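To start, the structure under review is shown below, and the notes come after it.
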Amino acid sequence: MSKIESIKDLFMHELKDIYHAEKQLVDELPKISKKVSSSELKSALEEHLKETEEQVKRVEEVFDKLGESPKAEVCQAMKGLLEECKEILKEDVSSEVIDAAIIASQQKIEHYEIASYGTLATWANEMENKEIAKLLGITLDEEKQADEKLNQIAMHGANERAMK
């Protein structure tokens with residue numbers, strides 16, 4: 001980790017962290033999707049994978065606008081959240097319970113991303129970089145929508161099926 005002496009340094013550290021987080025998610029979402037039995041959940045995860053790939057590009061655009069090369073710093077939080085998901089997927093339970101577990105783990109991931117992008121967008125605004133704040137705000141909105149979609153899938157059938 002590079003030395004942090006200013007809000008700009010902290011911003012760069014967090015940007016590198018979320019860059020790594022998103023790249024981890026791009027690698028793992030296809031594996032997670034294979035474990036899903038609900039077609040609605042599978043579709044939501046596949047859609048979010050495409051969105052995540054665009055989010056990686058958007059983070060790279062932020063680096064570019066800052067005159068920096070895209071560089072990742074290991075995101076331990078995402079690493080842990082994905083590891084937790086993988087552990088659940090090893091359990092010998094019904095496919096309905098796996099779906100509910102995947103929704104829960106993906107919502108944890110969305111909440112981490114919402115916190116990260118919300119913080120980055122706020123800092124960009126405070127550093128008077130409206131263009132970067134706008135880019136980060138687009139991703140923040142996408143993460144909120146993904147969380148809401150997962151919530152709707154859970155509330156409208158997935159959790160009920162897992163209870164049976």
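Residue numbers run from 1 in the order of the sequence given. Treat the numbers as computed from the prediction; the structure is a model and nothing was measured.
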In residues 79-93, what donor-acceptor pairs under 3.5 Å come from side-chain atoms, sequence neighbours left out?
residue	atom	partner	partner atom	Å
Glu84	OE2	Lys108	NZ	2.5
Glu87	OE2	Lys90	NZ	3.2

Could you give me the CA-CA distance, side-chain angles and deciding distance for Glu22 and Arg58, then say whether salt bridge (Lys or Arg N to Asp or Glu O under 4.0 Å) is met?
CA-CA 11 Å; Glu22 296 288 21; Arg58 203 173 293 128; over 6 Å; no

Would you give the length of the straight line joining atom CG of Leu10 to atom CG of Leu15, rounded to the nearest 0.5 angstrom?
11.5 Å

Has the side chain of Asp147 got a donor or acceptor atom that lies under 3.5 Å from a matching backbone atom of Glu110?
no

Is there a side-chain contact between Glu14 and Trp123 (heavy atoms, below 4.5 Å)?
yes

Could you check whether Glu68 pairs with Lys16 (Lys NZ or Arg NE/NH1/NH2 to Asp/Glu carboxylate O, under 4.0 Å)?
no

Pairwise side-chain contact, Gln55 with Leu25, heavy-atom cut-off 4.5 Å (strictly under):
no

Treat each ILVMFWY residue as a node, draw an edge where side-chain heavy atoms are under 4.5 Å apart, and state whether Val74 and Met78 are in one component.
no

Are any side-chain N or O atoms of Ser43 and backbone N or O atoms of Glu40, one a donor and one an acceptor, separated by less than 3.5 Å?
no

If you take all heavy atoms of Leu66 and Phe11, which pair is closest and at what distance?
CD1-CE2, 3.7 Å

Residue pair Leu41 / Gln106, side-chain heavy-atom distance below 4.5 Å:
no

Is there any ring pair (Phe, Tyr, Trp, His ring centres under 6.0 Å) pair reaching into residues 65-106, and which pairs are they, with sequence neighbours excluded?
none

Which heavy atom of Ile32 sits nearest to which heavy atom of Ile102, and what is that distance?
CG2-CG2, 3.7 Å

Evaluate the side-chain proximity of His13 to Asp9: yes if any heavy-atom separation is below 4.5 Å, no if none is.
no

Taking NZ in Lys71 as the centre, count heavy atoms belonging to other residues, nucleotides or ligands within less than 6.0 Å. Is the count above 12?
no

What are the two closest non-hydrogen atoms of Ile103 and Leu150, and how far apart are they?
CG2-O, 3.7 Å

Rounded to the nearest 0.5 Å, what separation is found between the CD atom of Gln24 and the CD1 atom of Ile18?
10.0 Å

According to a hydrophobic-cluster definition based on side-chain heavy atoms being under 4.5 Å apart (Ile, Leu, Val, Met, Phe, Trp, Tyr only), do Met127 and Ile4 belong together?
yes

Interatomic distance, CG@Leu29 vs CD1@Ile109, rounded to 0.5 Å, equals 7.0 Å

Applying ring pair (Phe, Tyr, Trp, His ring centres under 6.0 Å) as the test, list every pair that has at least one member in residues 19-59; sequence neighbours left out.
Tyr19-Phe63

Under a 4.5 Å cut-off applied to non-hydrogen side-chain atoms, are Leu120 and Thr139 in contact?
no

What pairs meet the salt bridge (Lys or Arg N to Asp or Glu O under 4.0 Å) rule with one or both residues in residues 41-53, with sequence neighbours excluded?
Glu47-Lys149

Name the residue from Leu140, Ile132, Ile138 that meets the side-chain contact (heavy atoms from CB on, under 4.5 Å) definition with Leu136.
Ile132

Can you find a pair of side-chain heavy atoms, one from Pro70 and one from Val59, that are under 4.5 Å apart?
no

Taking the side chain as C-beta and beyond, is there a heavy-atom pair between Leu135 and Lys65 under 4.5 Å?
yes

Set of residues satisfying side chain to side chain contact (heavy atoms under 4.5 Å, CB included) with respect to Lys57, sequence neighbours excluded
Glu54, Glu60

For the side chain of Asn125 and the backbone of Ala133, is there at least one donor-acceptor N/O pair under 3.5 Å apart?
no

Mind checking side chain to side chain contact (heavy atoms under 4.5 Å, CB included) for Lys31 and listing every partner two or more places apart, or none if nothing turns up?
Glu28

